[in-house]
Asker: 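One structure coming up, written as structure tokens, with questions to follow.
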Amino acid sequence: VQLAESGGGSVQAGGSLRLSCAASGRAFSEHYVGWFRQAPGKDREFVAWISVNGSRPYYADSGKDRFTVSRDNAERMVYLQMTSLKPEDTAKYYCAAGSRFYSMTGFTAASEYDNWGQGTQVTVSS
């Protein structure tokens with residue numbers, strides 16, 4: 001599975017962005033997808049996760065009630081809708097796909113993903 005993110009940009013605090021993750025390759029619908037972000041000088045951190053059929057989204061505390069992850073398997077797309085953005089959301093955002101059957105971390109660890117996109121930059125100004 002190959003992944004490509006888009007939709008990043010610069011917004012003011014309180015604004016919204018929708019990130020897209022386009023997948024190519026076979027068996028996309030058999031992969032769960034996660035969103036991660038990495039700010040300069042910081043470790044990559046988990047943002048959101050969605051199951052293969054989209055029925056069980058899961059969010060890091062930082063994005064709960066503000067971010068919504070969704071997927072369209074027919075279109076091979078995954079989305080991250082972000083609202084009420086804060087300056088601390090500034091980071092490069094990555095989508096990633098994996099196919100493990102079990103996770104000890106709830107699929108929040110980057111090591112549980114096999115395929116990554118190149119990332120898209122989100123900058124939130126105060």
Asker: Step by step, work out the ring pair (Phe, Tyr, Trp, His ring centres under 6.0 Å) result for Y58 and F46.
Answerer: CA-CA 10 Å; Y58 175 78; F46 169 78; 5.8 Å; yes
Asker: T90 side chain to V124 main-chain N or O, any donor-acceptor pair under 3.5 Å?
Answerer: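 At least one qualifying donor-acceptor pair exists.
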Asker: Give the ring-plane orientation class for F36 versus W116, where under 30° counts as parallel, over 60° as perpendicular and anything between as tilted.
Answerer: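 Tilted: the ring planes of F36 and W116 meet at 30° to 60°.
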Asker: Could you report the tightest heavy-atom contact between T120 and G7, atom names first, then the distance?
Answerer: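 Closest heavy-atom pair between T120 and G7: OG1-N, 4.1 Å.
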Asker: For a 4.5 angstrom cut-off between non-hydrogen side-chain atoms, does T105 reach E112?
Answerer: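 Counting from C-beta outward, T105 and E112 do come under 4.5 Å.
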Asker: Atom CG of L85 and atom OG of S125: how far apart are they, to the nearest 0.5 Å?
Answerer: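 These two atoms lie 10.5 Å from each other.
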Asker: Check whether any side-chain heavy atom of M82 lies under 4.5 Å from a side-chain heavy atom of V122, and answer yes or no.
Answerer: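 A side-chain contact under 4.5 Å exists here.
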Asker: Tell me if a side-chain donor or acceptor on D72 pairs with a main-chain N or O of E75 at a distance below 3.5 Å.
Answerer: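 A pair under 3.5 Å: yes.
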Asker: From the options F28, F107, W49, select the one residue that forms a side chain to side chain contact (heavy atoms under 4.5 Å, CB included) with V33.
Answerer: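 Output: one option passes, namely F28.
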Asker: Excluding sequence neighbours, so at least two apart, what forms side chain to side chain contact (heavy atoms under 4.5 Å, CB included) with S55?
Answerer: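 Side chain to side chain contact (heavy atoms under 4.5 Å, CB included) list for S55, sorted by chain: S51, N53.
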Asker: How would you list, by chain and number, every residue that makes a ring-ring contact (aromatic ring centres under 6.0 Å, His included) with Y59, sequence neighbours excluded?
Answerer: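 Y59 satisfies ring-ring contact (aromatic ring centres under 6.0 Å, His included) with no residue once adjacent residues are dropped.
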Asker: Would a 4.5 Å heavy-atom cut-off, applied to side chains only, mark S20 and M77 as touching?
Answerer: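 S20 vs M77: side chains touch.
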Asker: side-chain hydrogen bond (donor to acceptor under 3.5 Å, both in side chains) with E45: which residues, sequence neighbours excluded?
Answerer: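 Scan of E45 (side-chain hydrogen bond (donor to acceptor under 3.5 Å, both in side chains), adjacent residues dropped) gives R37.
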Asker: Any side-chain heavy-atom pair from S99 and D114 closer than 4.5 angstrom?
Answerer: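 The answer is yes, as the side chains (C-beta and beyond) meet within the 4.5 Å cut-off.
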Asker: Which atom pair, heavy atoms only, marks the closest approach of S126 to P87?
Answerer: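 Scanning both residues completely, I find the closest heavy atoms to be CB-CG, 3.9 Å.
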Asker: Can you list the steps and then say if Y94 with Q118 is a side chain to side chain contact (heavy atoms under 4.5 Å, CB included)?
Answerer: CA-CA 7 Å; Y94 299 86; Q118 81 289 350; 6.0 Å; no
Asker: Can you tell me how far CG of L80 sits from OH of Y93, rounded to the nearest 0.5 angstrom?
Answerer: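 So the OH of Y93 and the CG of L80 are separated by 7.5 Å.
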Asker: Are there more than 12 heavy atoms of other residues, nucleotides or ligands under 6.0 Å from atom CD of E30?
Answerer: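 At most 12 heavy atoms, drawn from other residues, nucleotides or ligands, come within 6.0 Å of this atom.
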Asker: About how many Å separate CZ of R76 and NE2 of H31, when rounded to the nearest 0.5 Å?
Answerer: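 Taking NE2 in H31 and CZ in R76, the distance rounds to 11.0 Å.
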Asker: Has the side chain of R44 got a donor or acceptor atom that lies under 3.5 Å from a matching backbone atom of A109?
Answerer: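 A pair under 3.5 Å: no.
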Asker: Do other residues, nucleotides or ligands put more than 12 heavy atoms under 6.0 Å from the CG atom of D65?
Answerer: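 Not more than 12 within 6.0 Å, no.
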Asker: Are V1 and V78 connected into the same hydrophobic cluster when the rule is that any two of I, L, V, M, F, W, Y join if their side-chain heavy atoms are below 4.5 Å apart?
Answerer: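 Result: yes, single cluster for both.
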Asker: Mind listing the closest non-hydrogen atom pair of L3 and C21 along with its distance?
Answerer: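 Shortest heavy-atom separation between L3 and C21 comes out as CD2-SG, 3.9 Å.
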Asker: For K42, what residues pass the side-chain hydrogen bond (donor to acceptor under 3.5 Å, both in side chains) criterion, not counting sequence neighbours?
Answerer: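 Applying side-chain hydrogen bond (donor to acceptor under 3.5 Å, both in side chains) to K42 gives none.
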Asker: Kindly state each residue pair satisfying side chain to side chain donor-acceptor pair (under 3.5 Å) with at least one member in residues 2-18, sequence neighbours excluded.
Answerer: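 Only Q2-S24 qualify under side chain to side chain donor-acceptor pair (under 3.5 Å).
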Asker: Does some side-chain heavy atom of Y79 sit less than 4.5 Å from a side-chain heavy atom of V69?
Answerer: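 Result no, sub-4.5 Å side-chain heavy-atom pair not found.
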Asker: Kindly write out the residues that satisfy salt bridge (charged side-chain N to carboxylate O under 4.0 Å, His left out) with R66, not counting sequence neighbours, or none if the list is empty.
Answerer: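 For R66 the salt bridge (charged side-chain N to carboxylate O under 4.0 Å, His left out) partners, ignoring immediate neighbours, are D89.
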Asker: Hydrophobic clusters here meaning ILVMFWY residues chained together by side-chain heavy-atom distances under 4.5 Å, can you tell me if F67 and L19 are in one?
Answerer: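 Yes, because F67 and L19 connect within a single hydrophobic cluster, where side-chain heavy atoms sit under 4.5 Å apart.
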